[in-house]
Engineer: 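Got a structure for you, written out below as structure tokens; questions coming shortly.
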Amino acid sequence: MVDLILYKAYAELRRDVVTTYLGVLWWVLEPLMYMATFYLVFAVGIRSGGEGFVSFLLCGLASWKWFASTVSQASTSILLNGGLIQQVYIPKVALPMIPVSVNLIRFAVILGLLLIFLWVMGSGPDVYWFYLIPVIAVELMLIVGVSLLIAAIVPFAMDVRVLVDNVLMMMMFLSGIFFSIQEFPEKVQFYFYLNPMVSVVESFRAVLIHSQAPDWSRLGYVVVFSALTGLLGYGVFRRFDRYYSKLIV
């Protein structure tokens, strides 16, 4: 199964390079245009934030883009590979792991550019940047867990695919990307923190901007949430592994 994931991920990355004029540059240009759009809206147009808002915004957008892009692509992984799973047996749980692997590589490129930008702006590097390793690992766990669950459910209810896009849009504006959760009353903050991406976004900012260790208790909640969603998704795949080919017509 690992060989299948690696081969398909490599094929998709190679396709990006071969079939477009700009090739691998699109891995950089697409998220940069995405981030630039929100910067122009919130920092230039609405004029929200103050000193350091660009770094604040980019840390949030980089971590959010990785999550949202992967979950969105994973949600259709079974449907897009319908022809393959009807011709030959493959473990269906491997299919959502392909966009997870591909987007991990793409995120590594974007993270490198973000670190260079922060360095130029005077934020680090310092010893706290080593905390990026567990923070990235926790977000990867969250991405895997949510991707498995969504990918397992979508073939049974196609409407869920539309719901995913709308929920991701809503989550983007509730994940503290454009504002600080600390601006809200403490009793309201509790509800924001039910969204695991809030803790992930704040952890990136704590490490990269504020030179602080992340809040381990909040990351612990993300780990538990990720494990539960991942186990549930894996359980659905195990239960209906051979039934998916009958759903794809």
Side-chain angles (χ1 to χ4, degrees), residues 9-10 12-18 20-73 99-144 172 175-181 197-216 218-219 222:
Y10 169 77
E12 185 167 335
L13 291 170
R14 187 174 184 277
R15 184 190 62 191
D16 289 347
V17 175
V18 173
T20 60
Y21 287 110
L22 296 179
V24 72
L25 284 177
W26 276 118
W27 302 356
V28 177
L29 292 176
E30 192 268 339
L32 284 182
M33 291 187 293
Y34 171 88
M35 294 178 186
T37 299
F38 284 107
Y39 169 73
L40 291 173
V41 171
F42 287 91
V44 178
I46 302 178
R47 298 179 185 275
S48 61
E51 185 179 354
F53 182 70
V54 177
S55 299
F56 177 91
L57 180 64
L58 292 183
C59 284
L61 285 174
S63 54
W64 170 257
K65 181 65 174 175
W66 180 26
F67 172 82
S69 295
T70 308
V71 171
S72 180
Q73 293 170 25
V100 169
S101 302
V102 169
N103 283 297
L104 177 60
I105 301 300
R106 291 172 176 164
F107 174 71
V109 175
I110 300 306
L111 179 62
L113 293 175
L114 176 62
L115 295 181
I116 293 172
F117 171 81
L118 293 175
W119 190 358
V120 171
M121 297 299 291
S123 298
D126 55 37
V127 67
Y128 289 95
W129 279 22
F130 285 106
Y131 284 118
L132 273 179
I133 297 173
V135 172
I136 290 172
V138 169
E139 182 169 5
L140 180 59
M141 285 184 61
L142 177 64
I143 289 171
V144 170
M172 181 176 68
S175 295
I177 296 172
F178 310 105
F179 55 86
S180 173
I181 302 299
M197 275 304 296
V198 170
S199 298
V200 171
V201 168
E202 288 193 343
S203 295
F204 271 94
R205 288 175 178 152
V207 172
L208 294 177
I209 300 177
H210 304 300
S211 294
Q212 298 175 352
D215 188 323
W216 299 113
R218 298 201 185 282
L219 285 183
V222 179

Engineer: Mind checking side chain to side chain contact (heavy atoms under 4.5 Å, CB included) for V222 and listing every partner two or more places apart, or none if nothing turns up?
Structural biologist: V138, L142, P196, S199, V200, S226
Engineer: Distance check, rounded to the nearest 0.5 Å: I177 atom CD1 versus L58 atom CG?
Structural biologist: 11.5 Å
Engineer: Who pairs with E139 by side-chain hydrogen bond (donor to acceptor under 3.5 Å, both in side chains), at least two apart in sequence or on another chain?
Structural biologist: none
Engineer: List, one per line, each side-chain donor-acceptor pair under 3.5 Å for residues 206-213, sequence neighbours excluded.
Structural biologist:
residue	atom	partner	partner atom	Å
S211	OG	D126	OD2	2.6

Engineer: My understanding is that only residues two or more places apart in sequence, or in another chain, count here; which of them pass ring pair (Phe, Tyr, Trp, His ring centres under 6.0 Å) with F204?
Structural biologist: none
Engineer: For residues F56 and S180, report the shortest heavy-atom separation together with the two atoms involved.
Structural biologist: CZ-N, 3.9 Å
Engineer: Of the non-hydrogen atoms in R205 and G176, which two are nearest, and what is the gap between them?
Structural biologist: NH1-O, 2.6 Å
Engineer: How close do A62 and I110 get, counting heavy atoms only, and between which atoms?
Structural biologist: CB-CG2, 4.4 Å
Engineer: Evaluate the ring planes of F67 and W64, with Trp represented by its six-membered ring, and classify them as parallel (under 30°), tilted (30 to 60°) or perpendicular (over 60°).
Structural biologist: tilted
Engineer: Taking only residues two or more places apart in sequence or in another chain, which ones pass side-chain hydrogen bond (donor to acceptor under 3.5 Å, both in side chains) with S63?
Structural biologist: none
Engineer: So do the side chains of D215 and S203 get within less than 4.5 Å of each other, counting heavy atoms only?
Structural biologist: no
Engineer: Can you list the steps and then say if W66 with L111 is a side-chain contact (heavy atoms from CB on, under 4.5 Å)?
Structural biologist: CA-CA 10 Å; W66 180 26; L111 179 62; over 6 Å; no
Engineer: Would you say the side chain of L114 lies within less than 4.5 Å of the side chain of S55, judging by non-hydrogen atoms?
Structural biologist: no
Engineer: Got a sec, which residues hit ring pair (Phe, Tyr, Trp, His ring centres under 6.0 Å) with W119, two or more places apart in sequence or on another chain?
Structural biologist: none
Engineer: For a 4.5 angstrom cut-off between non-hydrogen side-chain atoms, does L140 reach V100?
Structural biologist: yes
Engineer: Does N103 reach the main-chain N or O of R106 with its side chain, forming a donor-acceptor pair under 3.5 Å?
Structural biologist: no
Engineer: I'd like a table of donor-acceptor pairs (distance under 3.5 Å, sequence neighbours excluded) in which one partner is a side-chain atom from residues 127-137, with atom names and distances.
Structural biologist:
none

